[in-house]
A.B. asks: 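First the structure, which I've put down as structure tokens, then a few questions once you've had a look.
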Amino acid sequence: MMWNRNVAWWAVGLLALAVVAGCGDDDSTTDTGGDADVTEDTTVPDDGDTDVEPDVEPDVEPDVEPDVEPDVEPDVTDTPADDGAVVPTTLEGVVWTYYYTELITPPLGMDWGNGATVSTVGLATEVTATAGSVDSEGEFALADLPVGAEIMLRATGLTGHYDGLSRLFAVEEGEVEFLVTATRDLVTRVADPAMWDVTVDPAKGLLAGLICTWDPTADPPVTGFIGDATVSITPAVSGADYKLVYFSTTDVGDTTRTGTDPAQSLFFAVNLPPRAADDPYELTVTATGHTFPTVRFAIEADTLTYALVKAD
């Protein structure tokens with residue numbers, strides 16, 4: 001279905017109208033009734049004015065005007081091109097998970113989120129699918145979503161993992177959406193005093209992001225990472241327990257980076273106060289030589305929100 005999504009690659013690379021008028025009755029052709037008055041003793045003027053005018057005007061005007069106006073007006077006003085009808089589409093996506101492993105450096109393993117329940121958030125009737133039940137590992141397909149509707153996605157049901165949320169986005173045809181979650185063990189190990197020195201508050205939420213170049217026609221669509229990118233979150237988050245970390249590929253415990261690592265442009269924010277989808281956070285990314293869309297996202301307690309930020 002989408003492209004070759006080899007687990008090993010992702011673990012290292014990580015990371016996309018005609019109107020007929022005056023149609024005519026032949027009534028508008030010259031009528032011989034005007035010629036019946038012409039006898040042998042009648043002299044017809046050379047210019048034919050006496051007979052032509054009575055014949056033409058009564059026939060032409062009633063035919064043209066009544067036909068054109070009644071036909072055109074209703075077509076334009078009664079059948080607009082966009083009458084608000086819902087256009088459905090199927091949204092495809094993938095769930096993957098992070099876990100902690102000491103077997104690789106950096107110690108971030110990746111696996112498919114098979115079995116996760118993926119649900120829309122923001123529709124009158126939500127749509128649900130199961131990750132891994134389509135063609136490939138971790139894939140899901142949500143059918144009959146209304147194009148243009150603004151939603152986010154939720155992933156739940158993976159034992160030992162945080163629930164996951166996607167960014168806020170408008171449903172488009174051909175879009176592919178990614179959901180990432182993480183094991184609780186990973187967060188516990190990385191956030192502990194020996195690493196990031198953060199105490200994770202279950203009443204708050206987490207944000208993980210990947211900043212990348214992107215080509216939806218490529219295999220895989222993430223074509224590269226962007227180093228020295230910086231992020232800002234609005235409204236600003238403060239508090240002693242809040243921490244924004246640019247992931248270091250050489251030392252996972254290093255929290256001193258001031259921009260993304262060019263080898264793997266990941267960032268994490270820990271302990272963000274919850275914020276609903278109707279009043280979301282906004283994420284702005286800055287990097288030399290690139291422009292990025294503003295990403296809007298919600299935060300829920302004890303949940304990981306994931307943002308894949310694609311360079312324009």
Side-chain angles (χ1 to χ4, degrees), residues 1-16 87-99 101 108-123 125-183 186 206-225 264 266 295 297-298 300 303-310:
M1 186 171 161
M2 295 174 261
W3 1 261
N4 172 21
R5 296 170 296 102
N6 179 273
V7 173
W9 185 95
W10 285 103
V12 177
L14 285 185
L15 346 146
V87 177
T89 191
T90 295
L91 176 68
E92 299 177 348
V94 182
V95 180
W96 74 64
T97 73
Y98 290 126
Y99 63 91
T101 174
L108 281 183
M110 178 263 169
D111 199 0
W112 303 118
N114 291 330
T117 298
V118 181
S119 304
T120 59
V121 181
L123 299 180
T125 301
E126 306 294 3
V127 180
T128 299
T130 301
S133 62
V134 190
D135 294 338
S136 299
E137 301 275 24
E139 283 192 26
F140 61 87
L142 297 164
D144 297 325
L145 303 192
V147 171
E150 184 170 80
I151 64 171
M152 56 187 182
L153 302 180
R154 188 192 309 279
T156 60
L158 292 177
T159 302
H161 291 69
Y162 283 89
D163 290 346
L165 280 181
S166 76
R167 66 189 176 111
L168 279 159
F169 63 97
V171 176
E172 298 178 19
E173 294 191 40
E175 184 72 12
V176 176
E177 194 64 26
F178 294 90
L179 272 163
V180 173
T181 187
T183 63
L186 167 64
L206 311 169
L207 173 69
L210 173 65
I211 302 170
C212 62
T213 54
W214 177 270
D215 180 357
T217 66
D219 180 9
V222 174
T223 56
F225 302 124
Q264 199 168 74
L266 288 163
V295 176
F297 64 96
E300 295 181 354
T303 298
L304 189 150
T305 299
Y306 179 73
L308 184 126
V309 190
K310 309 169 188 177

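Residues: numbered from 1 along the sequence shown. The structure displayed is predicted, hence computed values, not measured ones.
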A.B. asks: Between R154 and E177 (salt bridge meaning N to carboxylate O under 4.0 Å), is one present in this structure?
C.D. replies: no
A.B. asks: Less than 4.0 angstrom from a charged side-chain N to a carboxylate O is my criterion; do E150 and R167 meet it?
C.D. replies: no
A.B. asks: Fit a plane to each ring of W96 and W112, take the angle between them on a 0 to 90° scale, and name the class: parallel (under 30°), tilted (30 to 60°) or perpendicular (over 60°).
C.D. replies: perpendicular
A.B. asks: Please examine the side chains of L153 and L91, heavy atoms only from C-beta on, and report whether any two atoms are closer than 4.5 Å.
C.D. replies: yes
A.B. asks: For A218 and T223, work out which heavy atoms get closest and say how close.
C.D. replies: CB-CG2, 4.0 Å
A.B. asks: Find the distance between CG (L186) and OH (Y99) and round it off to the nearest 0.5 Å.
C.D. replies: 11.0 Å
A.B. asks: To the nearest 0.5 Å, what is the distance between OH on Y306 and OG on S166?
C.D. replies: 11.5 Å
A.B. asks: How long is the straight-line distance from CG of D163 back to CD of E300, given to the nearest 0.5 Å?
C.D. replies: 8.5 Å
A.B. asks: If we only count heavy atoms from C-beta on, is the V222 to K310 side-chain gap below 4.5 Å?
C.D. replies: no
A.B. asks: Give the minimum heavy-atom separation between G148 and A170, together with the two atoms involved.
C.D. replies: O-CB, 4.2 Å
A.B. asks: Please round to the nearest 0.5 Å and tell me the distance separating atom CG of L308 and atom CG of L179.
C.D. replies: 11.0 Å
A.B. asks: Could you tell me which non-hydrogen atom of H161 sits nearest to which non-hydrogen atom of T183, and how far apart they are?
C.D. replies: NE2-CG2, 3.4 Å
A.B. asks: Decide side-chain contact (heavy atoms from CB on, under 4.5 Å) for F140 and N114; before the verdict, give the C-alpha distance in whole Å, the side-chain angles of both, and the deciding distance to 0.1 Å.
C.D. replies: CA-CA 9 Å; F140 61 87; N114 291 330; over 6 Å; no
A.B. asks: Roughly how far apart are L108 CG and T101 OG1, rounded to 0.5 Å?
C.D. replies: 9.5 Å
A.B. asks: Between P146 and V171, which heavy-atom pair has the shortest distance, and what is it?
C.D. replies: O-CB, 3.6 Å
A.B. asks: Looking at every heavy atom in both A131 and G138, which two are closest together, and how far apart are they?
C.D. replies: CB-O, 3.7 Å
A.B. asks: For the residue pair L304 and V180, what are the closest heavy atoms and their distance?
C.D. replies: CD2-O, 3.3 Å
A.B. asks: Please test V118 against T130 for side-chain contact (heavy atoms from CB on, under 4.5 Å), starting from the C-alpha separation and ending with a verdict.
C.D. replies: CA-CA 6 Å; V118 181; T130 301; over 6 Å; no
A.B. asks: Compute whether any side-chain donor of one residue and acceptor of the other, for T156 and T117, lie under 3.5 angstrom apart.
C.D. replies: no
A.B. asks: Just checking, any donor-acceptor pair under 3.5 angstrom between side chains of T97 and T181?
C.D. replies: no
A.B. asks: Give me the one residue out of V121, L142, L168, L123 that meets side chain to side chain contact (heavy atoms under 4.5 Å, CB included) with I151.
C.D. replies: L123
A.B. asks: Could you tell me if S119 and E126 have a donor-acceptor pair between their side chains, going purely by distance under 3.5 Å?
C.D. replies: no
A.B. asks: side-chain contact (heavy atoms from CB on, under 4.5 Å) for E173 and V87? Distances and angles first, verdict last.
C.D. replies: CA-CA 10 Å; E173 294 191 40; V87 177; 4.0 Å; yes
A.B. asks: Is there side-chain contact between Y162 and L206, with heavy atoms separated by less than 4.5 Å?
C.D. replies: yes
